[in-house]
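Here the structure is a predicted model, which is why all the values come from computation and not from measurement. Letters go in sequence order (proteins before strands), and every chain restarts at 1.
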Amino acid sequence: MAAQVAVPVPQQEASPLELRREWYGWQWLATVDHKKIGIMYIAASLAFFLIGGFEALLVRTQLISPLNTFLHPDLYNQVFTMHATTMIFLGVMPMSVGVGNYVVPLMIGAADMAYPRLNAFSFWLFFFGGIFLNLSFVMGGAPNTGWFAYAPLTERPFNPGTGPDFWLLGLQLLGIASIAGAVNFIVTILKMRAPGMTFMRLPLFTWVTLITSFLIIFAFPSITIALILLMFDRLAGTSFFLPSGGGDPLLWQHLFWFFGHPEVYIMILPAMGIVSEVLPVFSRKPIFGYSFIAYSSVAIGFLGFTVWAHHMFVTGLGEIANGAFATGSFLIGVPTGVKIFNWIGTLWGGSLRFRTPLLFACGFIANFIIGGISGITLASPPVDFQQTDTYYVVAHIHYVLFGGSIFGLFAGLYYWWPKMFGRFLNEGLGKAHFWLQMVGFNLTFFPMHWLGTEGMPRRIYTYFPNQGFELWNLVATLGSYLLGISILIFVVNAFLSARRPAEVVPDNPWEAATLEWSTTSPPPAHNFDAVPVVYSRYPLWEDRDPEGAHGATAPRTNVDAVSHPADDVAATGEGEQGAHQGGAAHAFHLPNPTIFPVILAFGLVLIAFALLFAPPVLKITFLVSGLVYGVVSVYGWVRQVSD
Amino acid sequence: MAVVTRGHGEPLAQSPTGLESLDVRKLGMWAFLGSECVFFGALIASYFVYRPLILAGDPKPHEVLGINFTALLAFILLISSLTMVLALNAIQHDRRRAGAYWLLATAVLGTTFLGGQAYEFTKLAQEGVTLSSGIFGQCFLVLTGFHGTHVFLGVIWLLACFARAMRGGFNSGNYIGAEIAGLYWHFVDIVWVAIFTLIYLIP
Amino acid sequence: MERPHPAQPVPHGASGVPGTHAAPSPEAGHPGAGRYVLVFIVLFIITAAEVAVTYFPEIPQLPALMTMAVLKFGLIAAFYMHLRFDSRVFSAFLMLGLFLAVGMLLSFLALFTAHYREPYEPVVEQTQPGTGTPAVGTSAVSGATGGTTGGVATPMAGR
Ligand SMILES: [Cu+2]
């Protein structure tokens, strides 16, 4: 179906002959190329990001004035729930995955991900799962319980509609996609690094992608179980979370937050990695304290599993548990603070080039410091008792996830855009985008700190006049419109760059140090003509830094001097099994494009629909067809693999 | 299957971490199994959260769960683990026929286990323990049911391996497909070791 | 399917035939069939002992049963799953997952113990929506949706 949705600029460099040979959409639908999959991830997540942003604007418009009647209360519940669900699971997470998908194999000098077909499957399952979730709006009502879906509000007696069913089935699909993707990243990074690329030479974005993937495979099972139990409650008559049947809603909270807190790091760590890549390049000096950043990320990952109940202080865990979870949460501030000093230390004394990626990276640091500090305050139980479920928490999470993750991801998009598409984004529009977004963001979310301390609860559809909430709500709403405009500028920028005639972007336009910049922009299907050999942490800066401590005696491979004969691209174009380059060159086998991952993902979505529908005829039809799709595609997939 | 040879024929820089010699599929399988640990950990934790209620409820687990019968099931899974390693061992030594039949034996034992579990579930249903009968029924059935689902998928996987082995698809140079199926199968066995002790035996 | 990475040097002449090439895993260390059967016999005996222990209440059940379960677990993982002979990375995956699973189990037990000091009577009572229990995350929604969801508050929700 919509493989080609908003995919901005396909690689025009592919030879016209190849384009004519196969239907254009097919190349996207059946692709197993990590670069195309990465671009599809980014495009789809941007589309969902726009939907989620639109929902945010609806919420803010409803709250612009007291006793507003713009949205019906029930619709308001659906919109804010879907806003959060969309932004977290369909916006930020997949955008990080998309950037990682594109960049990580290039960074480590690999030809593709470890499992290219599984990679395609992850994308399509995410994409269909996102559509599945959003279909709920037109199929009997969207989820309306908030993004952490506390039981027993999600249970049948309190919520007889299909909203929670859509939510739990959709998240289950996305969870499968995430775990499959994470396993893929782990194997890719552990196994497929170029010769010489030790862990201490791994680019920091690759480091955090590895850690994030570990967080995903160990955190997602918890929510998988929570969703399964909830599914049994809603569809099979159990009462795991229903007090009337002996269940305990608190179990939901524990299972959910055991996943939910690591999830926060799953969203922020990739952005931290992007910033750690962007800052050295635009400061023209190596990152300050490389190993501190790497190890502090590991520490954050570990500690992230020990603090989940800080979301549950008000459930009355008791002093000991409160103290323990508060201590752990404060502790996380240490490795996080270490990173911030590292970033500032990188900027310090550098010869800064304030291009758009650096602006976004600096915006990230500034906003993330504010979000981090409000997080520290919330880690203290007495403060949390006051602020929980108020707009203070809303301010905090947006400073971390918007001011942090989204700013970091935009830095990454501006930074890697020329590599991905062979064109730059317009610098003027980019700066306008940054400044509008920075101002709009702080206008929107900073006043929420005050609203929260004044006691305005989150998730209410309106408030009374004369409670002291009017002014800051108005400011926040106006700020959110600015934010909307800034995002529109980015969209315009992206389209303009696609429409401009192709320009010749050099391999390494930013004079960066990592391997992805040693190949063409955009790279050929097989990424590198020769396997790069790595002798230092900054392979492309070696020439400039002859005193480099690493491998000074080792023979230098001239990574960026590898030639890219034009006919390589056509010859090894995707799907051409084993196109052999002549002479003493190398033989690359990229897997053939295959349709089975798409079919399997589609079959799983059909099964989700089958679980959703009550009428037996529909149920059986969807179940059977889903199973048929599943069996056929798994069979075909296995046959392809074992051939 | 990407095969890359360098132009000049000299060996590349030595493997920096030793990870390069690992098999891609085995590495992925282990990552997945690590994830599965938490999956079953969360399920078992959910059971234990409700354990005080379960023990206070009616019927009590010990009144309806037969330890001897379950011990038999545990033995069956243990034997299937043995046949699985024997299958792999045979394949690695190019005794292809034997490997195939050991694989088949493993699948048959797995099916026997499933049959035993189905029998146990029907028996429980007759005693009034179902998904909606109360806290014990739901916790027990969902936990063991998900283990059973894993066994079921494992049986299908083993049968696929059997079919491939009969076609001569495995040999001493190409056995990873059977090995990762085995890893999964042993993991399912390990989970049953945990469930058997934690749910059935501990008073 | 095996896709050795470029990083894996393939000597000249060994330009692998796709699909037949498997990673050279350290086969020499793998035990033979005899060892596998021996491990099975030990596993068999331990399982029999587990069942036997339940017939003797004077034996401290929990420590005895847990020890034996851990033994079985270790034997299967070490020999049948080859962890003793394979890369430590594989063991690390299992240990990490186990560590988290056990940590989760123990901390849930600790967190819920106070909670279940005595089994409570499930109660469904009527309260005013939005008052009474400061139900985390639910009061606002139930307040917003009015009568549809707010009618029944649960005694547990706010705890
Ligand atoms: Cu948290």
Side-chain angles (χ1 to χ4, degrees), chain B residues 1-6 9 11-12 15 18-27 30-31 33-38 40-42 44-45 48-49 52-53 56 67-68 71 74-75 78-79 81-82 84-86 89 92 173-176 182-183 186-187 189-190 193-194 196-198 201-203, chain C residues 1-12 15-16 18-25 27 30 32-33 36-37 39-40 43-44 47-48 50-51 53-54 61-62 65-66 68-69 72-73 76-77 79-81 86-87 89-90 93-94 96-98 100-102 104-105 108-109 112 116 119:
Chain B
M1 29 182 245
V3 176
V4 178
T5 50
R6 277 201 90 213
L12 292 177
S15 106
L19 293 172
E20 283 68 17
S21 62
L22 304 182
D23 181 81
V24 172
R25 285 167 296 173
K26 236 161 106 179
L27 194 57
W30 273 111
L33 292 183
S35 181
E36 286 274 89
C37 280
V38 185
F40 280 105
I44 294 174
F48 268 77
V49 163
L53 268 187
I67 286 186
N68 294 337
F75 279 130
L78 278 182
I79 298 170
S81 264
L82 176 66
M84 186 67 230
V85 279
L86 291 179
N89 198 44
Q92 284 172 336
N174 179 16
Y175 54 83
I176 297 287
L183 286 178
H186 298 308
F187 179 79
D189 189 15
I190 274 187
V193 167
F196 181 54
T197 304
L198 293 172
L201 293 183
I202 287 182
Chain C
M1 176 199 46
E2 171 72 341
R3 295 181 66 241
H5 171 248
Q8 217 176 352
V10 177
H12 264 248
S15 58
T20 60
H21 170 83
S25 76
E27 245 234 79
H30 279 204
Y36 289 138
V37 176
V39 170
F40 171 76
L43 287 170
F44 190 94
T47 310
E50 280 185 315
V51 178
V53 160
T54 58
Q61 300 278 306
L62 191 67
L65 289 172
M66 286 313 290
M68 288 191 282
K72 281 166 76 177
F73 199 110
I76 298 178
F79 289 95
Y80 287 0
M81 298 172 97
D86 243 338
S87 164
V89 180
F90 299 151
F93 277 110
L94 187 68
L96 268 174
L98 263 185
L100 281 170
V102 172
M104 186 182 199
L105 176 61
F108 276 28
L109 278 179
F112 279 88
Y116 278 127

Quiz prompt | CA sep, side-chain torsions, deciding dist, call: B:Leu33, C:Phe93, side chain to side chain contact (heavy atoms under 4.5 Å, CB included) | solution = CA-CA 8 Å; B:Leu33 292 183; C:Phe93 277 110; over 6 Å; no
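- Taking 4.5 Å as the limit, some side-chain heavy atom of B:Leu198 sits within range of a side-chain heavy atom of C:Met66.
- Both the backbone and the side chain of C:Phe90 come within contact range of chain B, with heavy atoms under 4.5 Å apart.
- Taking C:Leu100, C:Val102, C:Val89 one by one and counting their heavy-atom pairs under 4.5 Å with chain B, the maximum is reached by C:Val89.
- Between B:Ile44 and C:Met104 there is no side-chain heavy-atom pair separated by less than 4.5 Å.
- For C:Leu94, the parts lying near chain B are the backbone and the side chain together; criterion is any non-hydrogen pair under 4.5 Å.
- For the residue pair C:Ser87 and B:Leu22, the shortest heavy atom distance occurs at CB-CD2, 3.3 Å.
- Here the closest heavy-atom approach between residue B:Cys37 and residue C:Ala101 is recorded as O-CB, 3.5 Å.
- Classification of the B:His186-C:Tyr80 ring pair by plane angle, with boundaries at 30° and 60°, yields tilted.
- Looking only at side-chain heavy atoms (C-beta outward), B:Phe48 and C:Leu105 come within less than 4.5 Å of each other.
- What you find for B:Ala45 and C:Phe108 is that their closest heavy atoms are CB-CD2, 4.0 Å.
- Contacts with chain B were tallied for C:Ile76, C:Val51, C:Val37; C:Ile76 has the most, counting heavy-atom pairs under 4.5 Å.
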Exercise. Could you go through the side chain to side chain contact (heavy atoms under 4.5 Å, CB included) check for C:Met68 and B:Thr197 one step at a time?
Key: CA-CA 9 Å; C:Met68 288 191 282; B:Thr197 304; over 6 Å; no
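- With a 4.5 Å cut-off on side-chain heavy atoms, B:Leu78 and C:Phe44 do not count as touching.
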Quiz item: What's the verdict on side chain to side chain contact (heavy atoms under 4.5 Å, CB included) for B:Val85 and C:Phe40, showing C-alpha distance, side-chain angles and the deciding distance?
Solution: CA-CA 10 Å; B:Val85 279; C:Phe40 171 76; over 6 Å; no
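- Residues C:Phe73 and B:Val193 come closest through the heavy atom pair N-CG1, 4.3 Å.
- Nearest heavy-atom pair across C:Met81 and B:Leu183 is CE-O, 3.3 Å.
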